[in-house]
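Notes follow the structure.
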Amino acid sequence: MLKRDAIIMLGGSRLQMPILELAKSIGFAVILIDEFFGCRLKHMSDEFINVSCSNTKKILELISPLKKNYNIKGAYCGNDFGLFTVANINYELGIAPDISRSTLTSLDKIATKKILNDHCIPTPQHWIDDNAKNICEKDYPVVVKPIDSSGSRGVSFVSDSKLLENAIDKALRFGKNALVEKAIIGR
């Protein structure tokens with residue numbers, strides 16, 4: 001039996017529809033993974049796996065038997081919340097080198113800034129939460145964000161010092177620490 005080429009898609013919201021339709025139009029089978037059993041794109045997939053997209057171990061267990069019928073070409077997620085899972089799936093399936101470490105580093109804003117600065121790539125001036133309250137007193141506007149979150153969760157644009165503390169509290173709801181960066185206005 002000839003195996004059909006397939007991709008694994010994490011998440012079945014309407015935002016994923018253009019990618020799913022593109023994959024199908026070029027002949028790929030789509031193995032869709034979503035924790036919501038009634039997700040919007042379930043009916044359009046060739047296979048559906050009902051599990052959290054962050055549960056890499058369980059996903060690998062559930063897709064293993066599917067490799068009998070499908071030549072899995074890769075895993076894809078249309079948002080940054082699934083980057084680590086996609087990196088691990090692609091690595092475990094032998095599709096991509098171990099990019100888990102680089103994926104984690106890219107999600108850690110302080111580690112990323114260090115790498116960029118080490119390579120003379122400029123980044124906005126920044127402070128870590130408590131220092132920011134003192135240091136950037138006269139240096140507005142700033143952007144406040146969690147150092148280890150993604151998808152714009154917990155991000156605030158702050159134009160004056162009266163709003164800084166609330167913005168830091170908001171960022172801390174989504175990450176272990178808050179990063180405050182000098183805002184760069186323009187195109």
Side-chain angles (χ1 to χ4, degrees), residues 8-16 19 32-36 39-40 49-60 74-92 96-187:
I8 296 169
M9 282 187 60
L10 300 183
S13 75
R14 65 180 171 80
L15 297 174
Q16 300 279 66
I19 297 300
L32 180 62
I33 299 171
D34 198 296
E35 65 185 329
F36 178 52
C39 76
R40 186 178 202 114
I49 297 174
N50 184 216
V51 66
S52 169
C53 292
S54 61
N55 191 342
T56 306
K57 183 179 177 185
K58 187 68 174 174
I59 290 169
L60 289 169
Y76 170 82
C77 185
N79 61 52
D80 50 357
F81 303 117
L83 291 177
F84 186 69
T85 302
V86 164
N88 280 297
I89 291 169
N90 285 328
Y91 173 72
E92 290 295 326
D98 184 9
I99 58 172
S100 302
R101 195 177 108 205
S102 58
T103 301
L104 283 177
T105 301
S106 70
L107 293 173
D108 180 335
K109 293 166 186 68
I110 298 301
T112 299
K113 280 184 161 296
K114 181 180 179 342
I115 291 168
L116 293 171
N117 287 329
D118 287 351
H119 290 85
C120 300
I121 299 170
T123 65
Q125 183 180 9
H126 69 280
W127 307 272
I128 307 298
D129 62 41
D130 289 333
N131 291 336
K133 292 174 186 172
N134 300 322
I135 296 171
C136 68
E137 192 61 37
K138 297 180 182 122
D139 208 7
Y140 289 88
V142 296
V143 176
V144 180
K145 54 184 128 178
I147 65 166
D148 56 348
S149 184
S150 60
S152 300
R153 293 177 296 176
V155 177
S156 301
F157 180 84
V158 179
S159 56
D160 67 63
S161 62
K162 294 179 214 119
L163 305 171
L164 182 61
E165 193 166 335
N166 284 342
I168 289 174
D169 290 343
K170 178 182 174 184
L172 293 174
R173 288 195 302 265
F174 294 93
K176 63 183 176 188
N177 221 329
L179 173 68
V180 180
E181 289 181 315
K182 178 73 180 130
I184 298 174
I185 307 300
R187 292 177 165 196

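We count residues from 1, following the sequence as given.
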Checklist entry - Within a strict 4.5 Å, meaning less than it, do heavy atoms of the I110 and H126 side chains meet? => result yes

Checklist entry - If you measure from OG1 on T123 to NZ on K182, what distance do you get to the nearest 0.5 Å? => result 14.0 Å

Next on the checklist: Can a donor-acceptor pair be found, under 3.5 Å and without considering hydrogens, that links the side chain of D34 to the backbone of G12?
Outcome noted: yes

Next on the checklist: Test of understanding: with side-chain hydrogen bond (donor to acceptor under 3.5 Å, both in side chains), list the residues that count as partners of S159, not counting sequence neighbours.
Outcome noted: none

Checklist entry - Any sub-3.5 Å donor-acceptor pair from N90's side-chain atoms to A75's backbone N or O? => result yes

Next on the checklist: Checking S156 now: which residues fulfil side-chain contact (heavy atoms from CB on, under 4.5 Å) with it, not counting sequence neighbours?
Outcome noted: V158, A167, K170

Checklist entry - Could you state the interatomic distance from CG (N177) to CD1 (I168), rounded to the nearest 0.5 Å? => result 9.5 Å

Next on the checklist: Checking I19 now: which residues fulfil side-chain contact (heavy atoms from CB on, under 4.5 Å) with it, not counting sequence neighbours?
Outcome noted: M9, Y76

Checklist entry - Looking at residues at least two apart in the chain, or sitting in another chain, which of them share a side-chain contact (heavy atoms from CB on, under 4.5 Å) with A111? => result T105, D108

Item to check | Gap between atom CZ of R40 and atom CG of L32 - 0.5 Å precision | outcome: 13.0 Å

Checklist entry - For E181, what residues pass the salt bridge (charged side-chain N to carboxylate O under 4.0 Å, His left out) criterion, not counting sequence neighbours? => result K113, K145

Next on the checklist: Between V144 and V155, is the side chain to side chain contact (heavy atoms under 4.5 Å, CB included) condition met? List the steps.
Outcome noted: CA-CA 6 Å; V144 180; V155 177; over 6 Å; no

Checklist entry - If we only count heavy atoms from C-beta on, is the P124 to I184 side-chain gap below 4.5 Å? => result yes

Item to check | Minimum heavy-atom distance between F174 and G154, given as atom pair plus value | outcome: CD1-CA, 3.4 Å

Checklist entry - I8 versus I33: any side-chain heavy-atom pair under 4.5 Å? => result yes

Checklist entry - Which residue pairs satisfy the salt bridge (Lys or Arg N to Asp or Glu O under 4.0 Å) criterion with at least one member in residues 117-128, sequence neighbours excluded? => result K114-D118

Checklist entry - Partners of K109 by salt bridge (charged side-chain N to carboxylate O under 4.0 Å, His left out), sequence neighbours excluded? => result none

Next on the checklist: Under the rule for side-chain contact (heavy atoms from CB on, under 4.5 Å), what residues qualify as partners of K162, not counting sequence neighbours?
Outcome noted: D160

Item to check | Side-chain heavy-atom pair I89, L10 within 4.5 angstrom cut-off | outcome: yes

Checklist entry - How long is the gap from CD1 on I59 to SG on C53, to the nearest 0.5 Å? => result 5.5 Å

Checklist entry - Can you name the side-chain hydrogen bond (donor to acceptor under 3.5 Å, both in side chains) partners of T112, sequence neighbours left out? => result none

Item to check | Closest contact, heavy atoms only, Y140 versus S161 | outcome: OH-CA, 3.2 Å

Checklist outcome for this item: Between L172 and A178, the two heavy atoms sitting closest are CD2-N, 3.7 Å

